[in-house]
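A quick write-up on the structure given underneath.
Computed over heavy atoms, backbone and side chain alike; hydrogens, waters and symmetry mates excluded. All of these numbers come straight from a predicted model, not from anything done at the bench. Positions are given from 1 along the sequence.
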Amino acid sequence: MNQLIEAVLVLMAGGALALLPARNIVRASAGLVSQMIALVLVGSVALPVLFGGPDVTGDMPWAYPIGTLHFRLDALGAFFLSWSLPMTLLGSVYAMGYMRKYFDSPRHIGVHFGLLNMISLSFILVYVGEHAVTFLLGWEIAALSAWLLVIWDYPNQKVRFAGFNYLVSTHVGLIFLVAAVMILYTNTQSWFLDDYGDWMSQNPGTVRNTVFLLLVTSFGLKSAFFPFHSWLPRAHAAAPAHVSALMSGVIHKAGLYALVHFLMISGKPDEWMGWFLIAFSVTSAVVGGLYTVGQRDLKRLLGYSSTENVGIAGIGFGVGCLGLSWDMPTLVALGFGGGLLHVLNHAFFKCQLFYAAGCVYQIKHVIDIERLGGLFKLMPVTAVCFIIGGVAISALPPFNGFASEFLIYSGLFTGESINIWAKLTLALTAAALAFVGAVSALSITRAFGVIFLGNARDASLPEAHEASGWMLFPMVVHTIGTVVLGVAPTLGFAMVAAPTALFLHLTPDAVALDTLQSVTGTLLRIGAISAGLVAVLVVVLALVGLRARLKRQTPNRNATWGCGYGAPNARMQYTGGSFSADFAGRFKNIMLMLQREKAPAGYFPRDSYVITDCVDAVERRLFAVISHGDESASDLSQKLHEDDPRLAFSAGLAAIVAIGALVLLAEGGLP
């Protein structure tokens with residue numbers, strides 16, 4: 001535990017050094033070095049726990065009324081720490097290239113790197129803190145740090161609005177979390193999370209159900225489940241690319257950790273909780289996937305895919321809850337193991353995709369899919385990393401997204417003895433998951449084809465070339481991780497085996513070792529198939545490259561017939577809108593498409609256009625309700641005549657009567 005405390009102190013010291021009056025490169029370097037030292041300290045504690053060592057515990061005395069702070073690092077917290085801090089460090093390395101233009105400017109870059117340090121610090125508090133105050137403190141540090149990172153480009157009004165939207169959403173989630181903690185504290189008179197879990201496991205009923213719904217709402221807001229997702233696409237589009245990557249791949253995984261942690265300490269869940277999580281997660285996965293298809297902004301597209309993928313992980317957790325409720329260890333292993341493995345896999349390929357989007361933006365200064373094109377030849381490393389991440393996010397072999405979703409599919413197509421209606425519902429869930437995978441493949445094919453293939457669409461944009469090594473290195477590292485976890489999925493499952501065993505021990509006839517070995521055997525076969533596919537892919541690409549090289553050595557003698565188009569231009573290419581128009585039309589009740597156009601005028605029109613974009617129906621409806629609420633409040637205020645003293649007297653009297661009634665009900669009536 002001493003190493004974890006030292007890591008917190010190192011991160012705080014690094015953040016403080018980043019604020020000192022010095023050159024920006026010195027400030028940034030202080031943040032990077034402190035993160036490296038903290039990573040070594042945390043890794044020396046977390047990795048032994050993750051791979052079979054005992055939990056690490058510690059206490060720290062504090063002032064009244066908080067009392068003693070209790071810390072414990074178990075296998076679940078060690079799993080999240082083992083990749084959260086390294087990925088945050090890689091994001092900071094990426095920032096060295098992405099923020100390079102600010103290094104020689106008057107802008108204080110140290111603030112940015114100090115906030116990245118605070119993100120790493122918040123992970124330690126959230127994943128290790130067993131005291132409610134410590135947990136909430138880490139939760140709030142992550143929220144405020146991420147908000148300040150999002151609004152880095154604060155002179156832009158759209159960026160400020162996106163940051164405000166994110167800040168409000170995270171604090172609405174905090175309200176629900178605090179409400180749940182207040183209920184639990186009232187019933188336990190304790191600040192310790194373990195005591196909350198003991199009480200929930202021993203007191204099923206209305207109060208426990210209420211706490212469960214409050215927690216799911218809070219963690220759903222944190223992780224951007226539908227319909228609590230509206231802040232996410234705006235925040236991702238506004239934030240620097242590495243901040244978007246860390247938010248999607250790392251920071252908001254704290255919500256999934258909290259959900260899984262409370263499920264673990266709460267003992268055997270009710271069956272309805274598993275079904276609720278599955279329904280909630282399927283809705284999130286389907287709607288999030290659909291919204292990816294209609295986006296023009298690449299980072300908004302990737303933001304909606306985060307809503308889709310947290311839904312996929314949530315389906316796994318719902319299956320695991322059903323396994324606990326039905327005392328079926330196989331379902332527990334497949335559900336929680338598959339869900340946690342998908343969390344890890346998603347962190348790898350989503351950061352990778354955001355880093356690729358950031359490379360494109362850094363060079364071309366736009367992220368609008370419809371204005372880009374033909375980047376493959378000029379940015380080959382970025383293009384290859386993007387397509388590998390795209391295959392992975394579509395859950396296609398041979399990369400890592402396939403293995404985790406395969407485990408979840410295996411849980412949905414269970415051979416356990418359950419009633420026919422439960423089997424039918426799980427089969428329909430599997431069908432929905434397959435649909436989500438197909439939609440994800442469509443959206444990634446659309447984005448990759450329009451951005452990287454064909455010809456450049458906008459001649460006014462800067463000439464393309466590869467980004468700096470600072471930006472390429474983290475992207476390539478994530479790409480390697482995506483490939484390795486695809487061809488050797490047992491490596492990823494080895495990281496989630498110990499956290500999954502914590503849930504298996506909650507079953508009466510826990511057979512953790514046998515169940516985990518069975519899942520490992522399945523993943524070994526998947527890895528062998530994936531490795532074979534990678535080998536075939538490498539051979540095919542080598543042959544194609546050789547053929548192209550030989551073809552370049554042979555001069556072309558004749559041009560093929562051009563069907564009347566001897567000199568095609570960029571306007572003859574497919575656009576992103578035309579690529580997905582038919583699909584979007586079939587789901588127009590969910591995907592709200594807005595069209596802006598200017599009809600051509602004159603003999604040689606130059607400024608005509610048709611712009612189609614998919615807007616968020618939930619956000620649009622929310623703003624409409626707020627607008628109508630403002631109008632209704634104004635009308636009511638005018639009708640009530642606020643300056644009338646009779647109104648104030650009546651309102652005060654009503655408040656006194658309500659308070660008196662609540663006191664009488666709470667005390668059981670007067671003696």
Side-chain angles (χ1 to χ4, degrees), residues 46-56 72-80 82 127 193-194 197-198 200-202 204 256-271 273-275 277-278 281 313-345 403-418 422 426 489-524 526:
L47 292 180
V49 174
L50 181 60
F51 294 107
D55 294 353
V56 176
R72 187 183 70 193
L73 180 62
D74 59 9
L76 182 63
F79 165 68
F80 278 85
S82 66
Y127 299 149
L193 301 186
D194 282 342
D198 292 340
M200 291 179 69
S201 63
Q202 297 169 11
L256 294 178
Y257 162 80
L259 174 62
V260 175
H261 182 72
F262 272 92
L263 288 174
M264 180 183 69
I265 65 176
S266 299
K268 184 176 180 180
D270 297 332
E271 183 178 346
M273 295 178 179
W275 290 120
L277 278 179
I278 288 177
S281 301
I315 292 172
F317 300 150
V319 171
C321 285
L322 291 179
L324 288 175
S325 178
W326 295 337
D327 295 330
M328 295 180 178
T330 301
L331 280 186
V332 175
L334 293 173
F336 285 108
L340 290 173
L341 183 58
H342 193 73
V343 169
L344 175 65
N345 289 339
S404 52
E405 290 201 32
F406 183 86
L407 293 184
I408 297 174
Y409 275 118
S410 300
L412 294 171
F413 288 115
T414 177
E416 300 284 353
S417 300
I418 57 178
L426 292 178
T490 51
L491 295 178
F493 193 73
M495 296 181 64
V496 305
T500 305
L502 296 177
F503 289 94
L504 286 169
H505 290 310
L506 298 177
T507 56
D509 52 342
V511 286
L513 186 60
D514 294 340
T515 305
L516 294 176
Q517 286 179 345
S518 175
V519 175
T520 302
T522 301
L523 290 176
L524 280 172
I526 292 175

Apply side-chain contact (heavy atoms from CB on, under 4.5 Å) to the pair L193 and F262, showing each step before the final yes or no. CA-CA 8 Å; L193 301 186; F262 272 92; 4.2 Å; yes

Determine the minimum heavy-atom distance between L504 and A333, stating which atoms define it. CD2-N, 4.1 Å

Counting C-beta onward and ignoring hydrogens, is there a side-chain heavy-atom pair between M328 and L322 closer than 4.5 Å? no

Which heavy-atom pair separates L73 from Y127 by the least distance, and what is that distance? CD1-O, 4.2 Å

Give the C-alpha distance, both sets of side-chain angles, the deciding distance and a yes or no for side-chain contact (heavy atoms from CB on, under 4.5 Å) between L407 and V519. CA-CA 8 Å; L407 293 184; V519 175; 3.7 Å; yes

Just so I know, are the side chains of V496 and V343 near enough to count as touching, which here means a heavy-atom distance under 4.5 Å? no

Residues L506 and L324: closest non-hydrogen pair is CB-CD2, 3.9 Å

Where do W275 and L426 land on the side-chain contact (heavy atoms from CB on, under 4.5 Å) test, with the steps shown first? CA-CA 10 Å; W275 290 120; L426 292 178; 3.9 Å; yes

Could you work out, with ring pair (Phe, Tyr, Trp, His ring centres under 6.0 Å) as the rule, every residue matching Y409, not counting sequence neighbours? none

With sequence neighbours excluded, residues passing salt bridge (charged side-chain N to carboxylate O under 4.0 Å, His left out) with D270: R208

The side-chain contact (heavy atoms from CB on, under 4.5 Å) partner of F80 among L50, V260, L340 is L340

For D198, check side-chain hydrogen bond (donor to acceptor under 3.5 Å, both in side chains) against everything at least two apart and list the hits. none

So, S410 side chain and F406 main chain: donor-acceptor pair closer than 3.5 Å or not? yes

Minimum heavy-atom separation for P499 and A75, please, with both atom names. CG-O, 3.6 Å

Would you name the heavy atoms of C321 and G274 that are closest together and state the gap between them? CB-CA, 3.7 Å

Check whether any side-chain heavy atom of L277 lies under 4.5 Å from a side-chain heavy atom of L263, and answer yes or no. yes

Between D194 and R72, the two heavy atoms sitting closest are OD2-NH1, 3.0 Å

A side-chain contact here means heavy atoms from C-beta on lying under 4.5 Å apart; do S404 and F493 qualify? no

